[in-house]
Amino acid sequence: MTLYDVDLPTAEEIDIPALKEKYKQERDRRMTKAGQDQYVKPVDEFSYTYEGDPYTPTTPRSPVKKDLDVVVLGGGWSGILSGVLLRQEGLNDFCIIDHAGDFGGVWYWNRYPGLQCDNDAYCYLPMLEETGFMPSKKFTEGYEIREYAQSICKKFDLYEKALFHTMINSLKWDAESSRWIVKTKQGDELRGRHIIMANGLLNIPKLAGIPGIGEFKGHMFHTARWDYDYTGGSEKNPVLDKLKDKRVALVGTGATAVQLVPYLGKYSKDFYVLQRTPSCVDTRRNSETDPEWAASLKPGWQAERRANFHRGANERYQPGEPDMIVDIWTEVNRRLSDEFNEKDYYPDMEGYAAERDVMDFRVMERLRRRVDAIVQDKETAEKLKPYYRYQCKRPTSNDNYYDTFNRPNVHLIDVSETQGVERLTEKGFIANGQEYEVDCIIFASGYEVTSDLDRRWGFDEFVGRDGVSIYDRWNGGYATLHGIMTTNFPNAYFIGYFQGGLNSTLTYNFEEQSRHIVHIIKETKARGAASVEPTAEAQAAYVQHFRDTEVDRTEWIRECTPSYFNNEGKPDVDENGNEKYRFYLGEVYGPGWDAFIKMLEDWRNDGDLKGLELK
Ligand code: NDP
């Protein structure tokens, strides 16, 4: 198999100033005043996109009322890893709450046709060395990931700790008992000494805020709740035979849509892809796991692979270091590294950044040329080309995406001029002034990732010490110690991207954050304390250190087309001038992942829980 189907252009072949101007134009015409507010919350008439569970029947149960050492909120990878670490540290008095009917988080809810992990599964799947499990492919199937997650839960007896089909609506700190009172819509009252917020980054689906969205009389669903009853087929056999006489529209062309489009194109009678911003799509080069390679792996291989992936995707390779991953995530650094190794020349960080800049334009141009090489209709090809910097949107790969647009039943509808689909009607949608009748509209419109916390989390209230709401506490931006704890919220621990390090393997972030959290809980308990909270001084010092060492990427991210990556084009301030949540990956520890992990390890090894007040 050749690595690339289209060659990389040289720097001389491309006009970088002209491309910069084109990128700017493409961004500007997509900027909306509405920002995050353009999306529809999955409530009221749209609650079916979030509430309920199409996969597991709900079993009636009596409300649970009890005291526990730890309440873990969420049974996706972060909750599972926290559960495993709690078990390993002998902290067995905990429960894990999830509104799904089983473990898995996003891998529970997402079952759409074509779903695979779109980055290296040997990195992404946690604990491979401990469990001895090996993914069947480099980009493995969604159901394989879910089944693997559930096998870990069986191995560590997490099922007996689980409270499924349970939705939390209130979290309140009770100073008298030094406990969190966790209330659920099912009438439970769990009084947790500690709470671990493992509630996920992509937990709440959002709908595109298209005018008239309530008027459409046909069938409608979100990709996170795939309706196989309607489409036919199943997760493991995605033959969507019930669509053969159906006209289907798909809203969105992000990472989800890229995996899905070939299936909808193949099976629908007529298929309309409503695109606001195109993704960049490389060849997949997926491969089955070679048993000989798997057998040859030495202890420590996963950590080594993840470190290599992280350098390739987000930092830079060391001189002579090979790329173990070789996919779209590592292409820019791999190409640069190859060129430097050949010349035996290794620039300093500034020089590297300048060279990386040029490589970014070259790789994106290669990806645009791929479109021309595959898509026969020139006008369609032009619309499918991504004009923005590499990683402004999640880079994707799929071997059948572009080719699907060569099918006569597949119609690409560009809705960028109107900053989204113009309107839905009873019978279909209006785009660029024309009405199209369809039977079904599927929303691949993403999740609440960088919206306001109350939208993202969905709890009616989350109130800490002295009646402070987390929604007010962090309204002007995050303030944390180590990205994990915050003042006024004793015994509460946050997993996610708040103010910590960033590793390119999402699950590895969760694992390291869980490790730190479980250490604090264990030490607090061992010292006989009922509560632990960062001091205001320690938090201020951490935030200051974080800011002082931060790499300012605001300009880069501001130049990107709007999306949840850059808070819909408003990465730095909200409409009131407050520095809000910045953007998805913006709050990242400047000195890098290794430095962040070392800081946490050193802190733990110090053994005196510096900066925390125990009571
Ligand atoms: P995204 O948020 O990435 O994409 C949403 C899509 O909907 C975009 O194309 C957006 O356009 C479009 N959209 C929104 N509003 C409108 C509108 N009014 N009219 C037309 N189009 C509209 O969601 P995804 O579900 O694709 O991906 C979310 C995340 O899920 C990924 O970034 C990734 O983190 C994760 N994921 C992970 C996978 C994995 O294998 N690990 C696979 C798939 C997803 P625009 O870009 O213009 O805003």
Side-chain angles (χ1 to χ4, degrees), residues 1-30 277-285 311-323 325-399 401-402 416 551 553 555-561 565:
M1 195 187 335
T2 54
L3 206 48
Y4 294 106
D5 48 5
V6 171
D7 290 339
L8 180 76
T10 62
E12 292 68 37
E13 275 177 71
I14 53 175
D15 181 346
I16 291 179
L19 280 172
K20 278 191 174 166
E21 186 50 35
K22 170 84 174 156
Y23 287 8
K24 185 173 175 308
Q25 285 167 7
E26 293 294 323
R27 181 207 58 188
D28 288 351
R29 68 194 188 85
R30 287 180 176 81
T277 313
S279 279
C280 64
V281 189
D282 197 9
T283 43
R284 189 72 154 164
R285 294 191 296 274
R311 283 192 286 275
N314 263 304
E315 293 183 350
R316 67 185 277 191
Y317 291 111
Q318 291 158 357
E321 180 182 6
D323 175 1
I325 310 298
V326 192
D327 63 20
I328 182 65
W329 293 94
T330 57
E331 179 174 356
V332 168
N333 278 334
R334 176 177 66 254
R335 300 265 198 190
L336 279 177
S337 194
D338 287 349
E339 290 189 1
F340 294 146
N341 286 335
E342 208 170 296
K343 294 184 214 152
D344 204 13
Y345 154 72
Y346 302 101
D348 60 14
M349 280 317 281
E350 211 174 304
Y352 191 83
E355 301 268 7
R356 198 178 189 289
D357 225 35
V358 176
M359 187 58 81
D360 180 320
F361 283 98
R362 291 171 65 195
V363 168
M364 288 303 288
E365 184 62 22
R366 178 183 76 74
L367 293 165
R368 287 188 288 271
R369 290 182 183 186
R370 261 202 97 223
V371 184
D372 279 330
I374 301 171
V375 178
Q376 286 148 13
D377 178 66
K378 293 294 152 227
E379 211 180 306
T380 306
E382 206 45 48
K383 288 178 189 159
L384 285 166
K385 290 180 186 169
Y387 283 99
Y388 45 76
R389 304 288 292 267
Y390 171 75
Q391 287 196 5
C392 273
K393 287 194 175 294
R394 189 177 176 90
T396 70
S397 57
N398 190 290
D399 291 334
Y401 182 74
Y402 288 135
S416 57
V551 178
R553 295 170 72 219
E555 197 183 323
W556 179 83
I557 199 74
R558 200 187 281 122
E559 285 173 3
C560 285
T561 45
F565 268 47

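Computed from a predicted structure; not experimentally measured. Along the sequence shown, the residues carry numbers beginning at 1.
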I'd like to know if [X] pairs up with [Y] as an ion pair, taking the criterion as any Lys NZ or Arg NE/NH1/NH2 lying under 4.0 Å from an Asp or Glu carboxylate oxygen.
| X | Y | result |
| --- | --- | --- |
| Glu559 | Lys24 | no |
| Glu382 | Lys378 | no |
| Arg362 | Glu365 | no |
| Asp5 | Arg370 | yes |
| Asp372 | Lys385 | yes |
| Glu339 | Arg335 | no |
| Arg284 | Asp399 | no |

Supply the atom-to-atom distance [X] [atom1] to [Y] [atom2], rounded to the nearest 0.5 angstrom.
| X | Y | atom1 | atom2 | value |
| --- | --- | --- | --- | --- |
| Cys280 | Tyr388 | SG | OH | 5.0 Å |
| Leu336 | Tyr317 | CG | OH | 10.5 Å |
| Asn398 | Tyr402 | CG | OH | 10.0 Å |
| Met364 | Leu19 | CE | CG | 10.0 Å |
| Arg311 | Asp323 | CZ | CG | 11.0 Å |
| Arg30 | Thr561 | CZ | OG1 | 6.5 Å |

(request) Would you kindly check if the NZ (Lys) or CZ (Arg) of Arg316 is within the cone defined by 45 degrees around the ring axis of Tyr352 and under 6.0 Å from the six-membered ring centre? (result)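 Here Arg316 passes the 6.0 Å and 45° test against Tyr352.
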Minimum heavy-atom separation for [X] and [Y], please, with both atom names.
| X | Y | answer |
| --- | --- | --- |
| Arg369 | Ile14 | NH2-CG2, 4.5 Å |
| Arg285 | Val326 | NH2-O, 3.9 Å |
| Ala313 | Arg356 | O-NH2, 4.2 Å |
| Pro17 | Asp15 | CD-OD1, 3.2 Å |
| Phe340 | Pro347 | CZ-CG, 3.7 Å |
| Ser397 | Thr283 | CB-O, 3.3 Å |

(request) Step by step, work out the side-chain contact (heavy atoms from CB on, under 4.5 Å) result for Val281 and Leu367. (result) CA-CA 7 Å; Val281 189; Leu367 293 165; over 6 Å; no
Heavy atoms, side chains only, cut-off 4.5 Å: are [X] and [Y] in contact?
| X | Y | answer |
| --- | --- | --- |
| Met359 | Tyr390 | no |
| Pro386 | Arg368 | yes |
| Val375 | Leu384 | yes |

Partners meeting ring-ring contact (aromatic ring centres under 6.0 Å, His included) with [X] (sequence neighbours left out):
| X | value |
| --- | --- |
| Tyr23 | Phe361 |
| Tyr346 | none |
| Tyr387 | none |

(message) Can you pull out every disulfide bond (SG atoms under 2.5 Å apart) where at least one residue sits in residues 352-382? Sequence neighbours excluded, please.
(response)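 As it turns out, there is no disulfide bond (SG atoms under 2.5 Å apart) pair with a partner in residues 352-382 once direct neighbours are skipped.
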(message) Test: disulfide bond (SG atoms under 2.5 Å apart). Region: residues 325-395. Which pairs qualify, not counting sequence neighbours?
(response)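 Listed by first then second residue: Cys392-Cys560.
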(request) Apply side-chain contact (heavy atoms from CB on, under 4.5 Å) to the pair Asp360 and Val358, showing each step before the final yes or no. (result) CA-CA 5 Å; Asp360 180 320; Val358 176; over 6 Å; no
(request) Evaluate side-chain contact (heavy atoms from CB on, under 4.5 Å) for Asp327 paired with Glu331, printing each intermediate quantity in order. (result) CA-CA 6 Å; Asp327 63 20; Glu331 179 174 356; over 6 Å; no
(request) Evaluate whether atom CG of Asp7 has more than 12 neighbouring non-hydrogen atoms of other residues, nucleotides or ligands under 6.0 angstrom away. (result)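 Counting neighbours around CG of Asp7, 12 or fewer heavy atoms of other residues, nucleotides or ligands fall under 6.0 Å, so no.
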(request) Check whether more than 12 heavy atoms from other residues, nucleotides or ligands sit under 6.0 Å from atom CD of Glu13, and answer yes or no. (result)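 Result for CD/Glu13: enclosed.
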(request) Applying side-chain contact (heavy atoms from CB on, under 4.5 Å), name anything that partners Asp338, two or more places apart in sequence or on another chain. (result)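 Asp338: side-chain contact (heavy atoms from CB on, under 4.5 Å) contacts with Arg334.
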(message) Test side-chain contact (heavy atoms from CB on, under 4.5 Å) on Ser416 and Arg29; report intermediate values, then the result.
(response) CA-CA 8 Å; Ser416 57; Arg29 68 194 188 85; 3.0 Å; yes
(request) I would like to know whether Asp357 and Arg389 meet salt bridge (Lys or Arg N to Asp or Glu O under 4.0 Å); could you show each step before the answer? (result) CA-CA 9 Å; Asp357 225 35; Arg389 304 288 292 267; 2.4 Å; yes
